[in-house]
Amino acid sequence: MKTIKLGIVGQRTEYCFHSLILRALSSVTNQTDLHKVHSLIVVSGQHQSTFFCGKLISKYSQFKDPVSSLSIFRINSPTHNVYLWNTIIRAMTHNGLWSKALDFYTQMRKLNVKPDNYTFPSIINSCGSLLDLEMVKIVHNDVLEMGFGSDLYICNALIDMYSRMNELGRAREVFDKMPSRDVVSWNSLVSGYSANGYWEEALEAFREGRLSGVAADAFTVSSVLPACGGLMEVEQGQMVHGLVEKSGIKGDIAVSNGLLSMYFKFERLLDCQRIFDEMIFRDIVTWNIIICGFSHSGLYQESIKLFREMVYEYEPDLLTVTSVLQACGHMGDLRFGRYVHDYILENRYECDTTACNIIINMYARCGDLVAARQVFDNMKRWDLVSWNSMISGYFENGFNKEAVVLLKMMRIDLQPDSVTFVTLLSMCTMLMDVDFARELHCDIIKRGYDSTLIVGNALLDVYAKCGKMEHSVWQFEIMSTRDIVTWNTVIAACSHYEESYVGLKMLSRMRMEGIMPDVATILGSLPLCSLLAAKRQGKELHGFIIRLNLESQVPVGNALIEMYSKTGSLKNAILVFEHMRIKDVVTWTAMISAYGMYGEGKKALRSFQQMKETGTVPDHIVFVAVIYACSHSGLVQDGRACFNQMRKKYNIEPRIEHYACMVDLLSRSGLLVEAEDFILSMPLQPDASMWGSLLSACRASGDTGTAECVVERLVELNSDDPGYNVLASNVYASLGKWDQVRTIRKSLKARGLRKDPGCSWIEICNRVFIFGTGDRSFQQFKQVNELIEDLNRTMDKEGYVADLKFVLHDVGEDEKINLLYGHSERLAIAFGLLNTKEGSPLQVMKNLRVCGDCHTWTKYVSKIVQREILVRDANRFHLFKDGTCSCRDRWIGAVVDFRRDAKLLRTSVSGQGYFKFLAVDHHVLDV
DNA sequence: CTAGGGTTAG
């Protein structure tokens, strides 16, 4: 200040002073200093100078003080030249006062001040930020009229502006017409595509730029990285990463952040870790990316930990707190969620719609709908996400009424979108409300959302889960695009409805379309293999499991054990079991029931013992498996002990399926009186399955007296299950009481009930051959029949006598023997013998139980031809070897599989489902 | 004149 008082005389002094102020201006770092320099200029009488005014306007705008910029501009109004106009326009634009900037542009045009090439970039920027298409037209026109159409800076600004307005066509047009382009032109184009989600185009422009010889800089890279991430183009992303490593832009924060963000999208957490560690400079964006990235990868604890770590160094911004709130929501950590929300309120963060949506979601996930609603009600503006989040929050927490009310309110100012419909459809699935789903479906079609993938998937799911398989299949077929979720949904539905053949067909169709299975596919498909005994597909899925590194997942291992045990390979089931490092109660149950199916009761019991020793607490289902295993191996004492232990030691009240197992156990062991006493003394109402078990046992042991009493009990129950009716009818038939047989058959017919026809199938060279009872229509019928007759002659000599009590028709003796020949398992076995190498083992599947005579017959065959024959019937496996069977002739049992009642063993075979493909196909299936 | 980070649903 003192220097000024010394007096300023003459040109030279003035000049010195001029440069002094200039130097002072450029070294100003805060607003206070700026005010000092400003006073200096005023005191020195230089405040009329256009040059200093411009400088001051820019400086004030740098320090976010547009008011001062404006007042300086106004004071100087007489001397306005284009330079000053440009400065004020730039200042306004810089401070986000875009309409003010445009006002000044209009004013200067009115005053006939001619804009120059420095005027337009700011003006264009303001138009773009305001999304004012009218103004854009005027300005673009002015640019062309004044001959700036080829100006590099102006064109770059135009590209950027059109990009912001999502007018990529126009952006491209400007770009293409440019006589010469620099790296900014390319960057503006790439970032325009990228920011608007045109990822393929962004990558394409990036490649074009590289080909035309423009060296990519930090801007280029950080614009193209989101495109790589969005497209999940891992290799492309790594290529860009390589470029970064080679060039000098490695230390750029935005570039590193872009890489981090991309690798999070690829879920390559190790790469993220490495990039993060290598970063010398990090900023708040870096932290936000990793907090958000961890949260999206399901590492919610880590995300919260990082947040706590970060707040020591940085003050979190809106994006930080919303990122950590997502983690809170997923963890259900209401306490921390509230704490963060309070922090937001206390520090007066300006929450935009997205931030509010995230807070609503956090509260909804934590079940605090009151808090969620409060945030919702206090929002300034709502978008579709707000409504959808609030509505699905209500549904998820069972507030259906509130959700519906909100839905109606929503329709007043916004139309539902695909996500709204998906939310509503999944609610229908939850409530099994197929009528509402149909209504929604109409609305969906009206609004044209039926072609949307996620809506299609939701429709598929709701129809399948509500039992409308035809609707579901129809929906599937009309979908124009399908993704992995589509396939998984349809496969899971097939699995649920035991449409195993259709399910496996779907799996192979999916593979044909080049889609790789994931965990959900595998968990949906393995039960299909179990049902159909599709060995090859099962093994193929095991291959995928290994390739996808899913072996360590417990549910996958469990499904594998079940698959191998049900497709005939106890050995592989054991191998999988032994390789599992973590075993849960389902694992043990699967292994125990596998042993049970193969008649390895002792091993089943040993497994059960081991399970208890390793600390796994038994549940009610594992007891079903244990008693089942005992019953199939004749371990009456052990079975009884388990049954008693269940209540006494584990406090598990026996359910109907446990009683059924016990009746089966006693019946199979020939303890008919005890079985009857057991049924009569149990606290629950006996159902048809119990009398059925007992009756089968009576039949097998030839105890006609008891059978006659029991069959009456069974008939009294008047079960709708065709299996028990047929059993009763069979007993009457074997007693020769044909009148009763006819009565039952009539009543079955009247009620429209029919038993599945028997069928057997065998897989040879990856093809499945199916045989129905008395089937004559297959190609090799003649040879098969001859072979059967041949075998019968041989076994007759060895003492085989056909047991005609298994023929349940009122016909003559000869005819009865003929009927036995036609049993489907015999056809399948003979067909197998004809078409496979001598000495090789055979595996035959049957949808119903093997009949007693066929069981004996197969034992003879295994001895005559010296082959192992593995037969899976509705109940278990029978391994025939040299005249004996692994079931030790305990094949008798309930006609209908009682294990259906047990949840885990839901997928057991009962005969349903097979008939459907028999009707569709003939004898050969390509699965 | 150009760049990087946040929301719902199957």
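The structure presented is a predicted model; accordingly, all values stated were derived computationally and were not measured. Quick note on labels: first sequence line is chain A, next is B, and so on, each numbered from 1.
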K.L.:
Which of the following nucleotides, B:dG6, B:dT2, B:dA9, is nearest to the side chain of A:N187?
P.N.:
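When the side chain of A:N187 is considered, B:dT2 is the closest of B:dG6, B:dT2, B:dA9.
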
K.L.:
Could you check whether A:D252 gets within reach of a base, just the sugar-phosphate, or nothing at all, counting any heavy atom under 4.0 Å?
P.N.:
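Counting heavy atoms under 4.0 Å across all strands, the contact made by A:D252 includes a base.
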
K.L.:
Within the structure shown, what part of the strands sits under 4.0 Å from A:L453 by heavy-atom distance: base, sugar-phosphate, or nothing?
P.N.:
base

K.L.:
Return yes if a side-chain donor-acceptor contact under 3.5 Å exists between A:S163 and A:D160, otherwise no.
P.N.:
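Judged by distance alone, the side chains do not pair up.
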
K.L.:
Classify the side chain of A:N357 and the base of B:dG6 as holding, or not holding, a donor-acceptor pair under 3.5 Å.
P.N.:
no

K.L.:
At 4.0 Å (heavy atoms only), tell me whether A:L318 reaches a base, stays on the sugar-phosphate, or touches nothing.
P.N.:
base

K.L.:
Less than 4.0 angstrom between a side-chain N/O of A:Q326 and OP1 or OP2 of B:dG6, yes or no?
P.N.:
no

K.L.:
Quick one: which of A:I249, A:N187, A:L243, A:L225 gives a side chain to side chain contact (heavy atoms under 4.5 Å, CB included) with A:T220?
P.N.:
A:N187

K.L.:
Using whole Å, what does the distance between atom P of nucleotide B:dG10 and atom CD1 of A:I515 come to?
P.N.:
20 Å

K.L.:
Using a distance-only criterion (donor-acceptor N/O pair, under 3.5 Å, no hydrogens), is the base of B:dA3 paired with the side chain of A:S222?
P.N.:
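It does, because a donor-acceptor pair links the side chain of A:S222 to the base of B:dA3 below 3.5 Å.
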
K.L.:
Please verify the inter-ring angle class for A:W387 with A:F376; under 30° counts as parallel, over 60° as perpendicular, anything in between as tilted.
P.N.:
perpendicular

K.L.:
Using a heavy-atom cut-off of 4.0 Å across all strands, would you classify A:R282 as base, sugar-phosphate, or nothing?
P.N.:
nothing

K.L.:
Which part of the nucleic acid, if any, lies within contact of A:T354, taking any heavy atom under 4.0 Å across all strands shown: a base, the sugar-phosphate backbone alone, or nothing?
P.N.:
base

K.L.:
Measure the distance from CD1 on A:I290 to P on B:dG6 and round it to the nearest whole Å.
P.N.:
14 Å

K.L.:
Considering only side-chain heavy atoms of A:S188, which listed nucleotide, B:dT2, B:dA9, B:dT7, is closest?
P.N.:
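Looking only at heavy atoms from C-beta outward on A:S188, the closest nucleotide is B:dT2.
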
K.L.:
Can you tell me the distance, in whole Å, between the CZ atom of A:R482 and the C1' atom of B:dG10?
P.N.:
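Rounded to whole Å, this separation is 16 Å.
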
K.L.:
Can you tell which of B:dA3, B:dT7, B:dA9 lies closest to the side chain of A:D160?
P.N.:
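In terms of side-chain proximity for A:D160, the closest of B:dA3, B:dT7, B:dA9 is B:dA3.
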
K.L.:
Whole angstroms only, please: what is the CZ-P distance between A:F219 and B:dT2?
P.N.:
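Checked: the CZ to P distance equals 8 Å.
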
K.L.:
From the list B:dT8, B:dA3, B:dA9, which nucleotide is the closest neighbour of the side chain of A:V422?
P.N.:
B:dA9

K.L.:
With no hydrogens and no angle check, just 3.5 Å: does a side-chain donor-acceptor pair link A:S58 and A:T87?
P.N.:
no

K.L.:
To the nearest angstrom, how far is A:L414 atom CG from B:dT8 atom C1'?
P.N.:
14 Å

K.L.:
Can you figure out which of B:dA3, B:dG10, B:dT8 approaches the side chain of A:S426 most closely?
P.N.:
B:dG10

K.L.:
Just say parallel, tilted or perpendicular for the rings of A:F336 and A:F307, cut-offs at 30° and 60°.
P.N.:
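Perpendicular.
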
K.L.:
B:dG6 C1' sits how many Å from A:Y349 OH, rounded?
P.N.:
14 Å

K.L.:
Measure from the side-chain heavy atoms of A:S323 and tell me the nearest of B:dG6, B:dT7, B:dA3.
P.N.:
B:dG6

K.L.:
Give A:R181 one of three labels, base, sugar-phosphate or nothing, depending on what nucleic acid heavy atoms sit under 4.0 Å from its own.
P.N.:
nothing

K.L.:
For A:L319, which contact category applies under a 4.0 Å heavy-atom criterion: base, sugar-phosphate, or nothing?
P.N.:
base

K.L.:
Which nucleotide in the set B:dA3, B:dA9, B:dC1 lies at the smallest distance from any side-chain heavy atom of A:N156?
P.N.:
B:dC1

K.L.:
Would you please classify the geometry between the A:H441 ring and the A:Y463 ring as parallel, tilted or perpendicular, with 30° and 60° separating the classes?
P.N.:
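If you compare the ring of A:Y463 with that of A:H441, the planes turn out tilted.
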
K.L.:
Indicate, with a heavy-atom threshold strictly under 4.0 Å, whether A:A355 touches base, sugar-phosphate, or nothing.
P.N.:
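Contact class for A:A355: base.
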
K.L.:
Could you tell me how far apart A:H296 (NE2) and B:dG6 (P) are, to the nearest whole angstrom?
P.N.:
7 Å

K.L.:
I want to verify a distance call: between B:dT8, B:dG6, B:dA3, whose nearest atom is closest to the A:S191 side chain?
P.N.:
B:dA3

K.L.:
Could you give the CG-to-C1' distance, from A:D383 to B:dT8, as a whole number of Å?
P.N.:
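That distance rounds to 9 Å.
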
K.L.:
With a 4.0 Å cut-off on heavy atoms, is A:N488 in touch with a base, just the backbone sugar-phosphate, or nothing at all?
P.N.:
nothing

K.L.:
Mind listing the side-chain donor-acceptor pairs of residues 278-286 of chain A below 3.5 Å, one per line with the distance, residues two or more places apart or on another chain?
P.N.:
{"unit_1": "A:R282", "atom_1": "NE", "unit_2": "A:F276", "atom_2": "O", "d": "3.3"}
{"unit_1": "A:R282", "atom_1": "NH2", "unit_2": "A:F276", "atom_2": "O", "d": "2.9"}
{"unit_1": "A:D283", "atom_1": "OD1", "unit_2": "A:N257", "atom_2": "ND2", "d": "3.3"}
{"unit_1": "A:D283", "atom_1": "OD1", "unit_2": "A:V285", "atom_2": "N", "d": "3.1"}
{"unit_1": "A:D283", "atom_1": "OD1", "unit_2": "A:T286", "atom_2": "N", "d": "3.0"}
{"unit_1": "A:D283", "atom_1": "OD1", "unit_2": "A:T286", "atom_2": "OG1", "d": "2.9"}
{"unit_1": "A:T286", "atom_1": "OG1", "unit_2": "A:N257", "atom_2": "OD1", "d": "2.9"}
{"unit_1": "A:T286", "atom_1": "OG1", "unit_2": "A:D283", "atom_2": "N", "d": "3.0"}
{"unit_1": "A:T286", "atom_1": "OG1", "unit_2": "A:D283", "atom_2": "O", "d": "3.2"}

K.L.:
What nucleotide among B:dA9, B:dG10, B:dG6 has an atom nearest to a side-chain atom of A:D352?
P.N.:
B:dG6

